[in-house]
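Data first, discussion second: the structure below is written as structure tokens.
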Amino acid sequence: MLRRSTALRAAALAVGLASVTLSTTPALAGEEARKLPTVVLVHGAFADASSWNGVVSRLQERGYPVIAAANPLRSLSGDAEYIASVVKNVEGGVILVGHSYGGTVITNAARNAPNVKALVYVAAYLPEEGESTQTALDPAKFPGSLLGPATLDQRPYRDTAGEGVDLFIKQASFREVFAADLPAAQSRVMGATQRPFAVAAYTGVSAAPAWKTVPSWALVATQDRAIDPDGQRWMAARAKAHTVEVKSSHAVSVSHPGAVTDVIVAAARRTR
């Protein structure tokens, strides 16, 4: 009986120690995570936050706290204000990342956000003051985009804020324009589930750009048919951004999440 009692006490002690280990390990991980900046990911037009899934999982594996924000895509001023509010509620430093139109948004959202330590533009717009996503690149100089009347649908909408017009990429054109290096079945799903992009967001004029005061990185997608790759290079050079190039379609966060993650981590390490 004594031996049995001793064995039971030993087993109970082992269970107790295991419980302590399990309960304290997440806390230790949390302490380590707090030493790293939070990465806030902002998707662009015709996409949603799930477009960052491959990047999110890789950043989390490296210990980074991550928020994949839902960009409203309604108006530039409203979208930037919303993302600025997300950033404001983050404790500690932020690496703010924008894809496509998300680049225009972070350019404005980070302007009065002292906790933003770096901007990362992923196949994105880097507008100057007075430019919009529509006007940032002169199509005569940078004719590589396929976005236009032949590939876009315009659909009027009405909501509690009023009326407007949404843009969609025609589903028949979606893969060629947005996701040429993804499997056809995957691009069909993305085309069917694309988020509407309000004309008011597309034409919204940018104020003083945050990239003039915040260190910036740019990933150029060299096979992009939504934003001319030479235009991406030109905007990145104008912003004096650290630039890398990836052989990818516009959907680079989906087709090359590892390369996108590497750029974000490089920005985070250089600004710590």
How many angstroms lie between atom [atom1] of [X] and atom [atom2] of [Y], to the nearest 0.5 angstrom?
| X | Y | atom1 | atom2 | value |
| --- | --- | --- | --- | --- |
| I95 | R270 | CD1 | CZ | 12.0 Å |
| T151 | R225 | OG1 | CZ | 10.5 Å |
| E61 | T261 | CD | OG1 | 9.0 Å |
| H43 | N71 | NE2 | CG | 5.0 Å |
| L96 | L119 | CG | CG | 6.0 Å |
| T193 | R188 | OG1 | CZ | 13.0 Å |

Problem - From CA spacing to verdict: side-chain contact (heavy atoms from CB on, under 4.5 Å), L137, M235 - result: CA-CA 8 Å; L137 293 178; M235 290 185 290; 3.9 Å; yes
Practice task
Given side-chain contact (heavy atoms from CB on, under 4.5 Å), test D166 with V199 step by step and report yes or no.
Solution key: CA-CA 6 Å; D166 276 333; V199 170; over 6 Å; no
Any [X] side-chain heavy atom under 4.5 Å of [Y] side chain:
| X | Y | value |
| --- | --- | --- |
| L152 | K170 | no |
| V265 | V263 | no |
| R58 | P257 | yes |
| V205 | L76 | no |
| Q223 | K247 | yes |
| V220 | V246 | no |
| E176 | L146 | yes |
| I227 | S100 | yes |

Identify whether [X] and [Y] are in the same connected component of the hydrophobic contact network (ILVMFWY, side-chain heavy atoms under 4.5 Å).
| X | Y | result |
| --- | --- | --- |
| V254 | F174 | yes |
| Y125 | I83 | yes |
| I67 | V260 | no |
| V87 | V122 | no |
| V40 | V55 | no |

Donor-acceptor check, side chain of [X] to backbone of [Y], threshold 3.5 angstrom: yes or no?
| X | Y | answer |
| --- | --- | --- |
| D159 | G162 | yes |
| Q194 | I169 | yes |
| N115 | G93 | no |
| D153 | L167 | no |
| R175 | L182 | yes |
| E128 | P209 | no |
| Q232 | A221 | yes |
| S216 | V214 | yes |
| W234 | P229 | no |
| T243 | A241 | yes |

Problem - Lys NZ or Arg CZ of R195 over F46 ring: under 6.0 Å, within 45° - result: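 Pair R195/F46 does not count as cation-pi.
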Practice task
Would you verify whether the NZ or CZ of R74 falls within 45 degrees of the ring axis of Y157 while also being under 6.0 Å from that six-membered ring's centre?
Solution key: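 Yes, R74 sits over the ring of Y157.
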Which atom pair, heavy atoms only, marks the closest approach of [X] to [Y]?
| X | Y | answer |
| --- | --- | --- |
| A210 | I106 | CB-O, 4.4 Å |
| L126 | A239 | CD2-CB, 3.6 Å |
| G98 | A124 | O-CB, 3.5 Å |
| A180 | S249 | N-CB, 3.6 Å |
| A140 | D138 | N-OD1, 2.9 Å |
| P37 | Y64 | O-CD2, 3.6 Å |

Going by distance alone, is a donor N or O of one side chain under 3.5 Å from an acceptor N or O of the other, for [X] and [Y]?
| X | Y | answer |
| --- | --- | --- |
| H99 | S51 | no |
| N108 | S206 | yes |
| H250 | D224 | yes |
| T135 | S132 | yes |

Exercise for the section: Please lay out, stage by stage, how E131 and R238 fare under the test salt bridge (Lys or Arg N to Asp or Glu O under 4.0 Å). Expected result: CA-CA 14 Å; E131 296 176 347; R238 179 176 65 174; 3.0 Å; yes
Practice task
Might you work through the ring pair (Phe, Tyr, Trp, His ring centres under 6.0 Å) test for Y101 and F197, ending with a clear yes or no?
Solution key: CA-CA 10 Å; Y101 163 73; F197 182 39; 4.9 Å; yes
Practice task
Walk me through it: do W217 and Y121 pass the test ring pair (Phe, Tyr, Trp, His ring centres under 6.0 Å)?
Solution key: CA-CA 6 Å; W217 277 255; Y121 293 87; over 10 Å; no
Practice task
State whether R111 and E81 are salt-bridged, where the test is any N-O pair (Lys NZ or Arg NE/NH1/NH2 against Asp/Glu carboxylate O) under 4.0 Å.
Solution key: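 Looking at E81 together with R111, the answer is no, because their closest N to O distance does not fall below 4.0 Å.
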Exercise for the section: Run the salt-bridge test on R233 and E245 with the 4.0 Å N-O cut-off and return the result as yes or no. Expected result: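 Yes, charged N to carboxylate O under 4.0 Å.
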Exercise for the section: Take atom CZ of R62 as the centre, draw a 6.0 Å sphere, and report whether it contains more than 12 heavy atoms from other residues, nucleotides or ligands. Expected result: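 For R62, atom CZ is crowded (more than 12 foreign heavy atoms under 6.0 Å).
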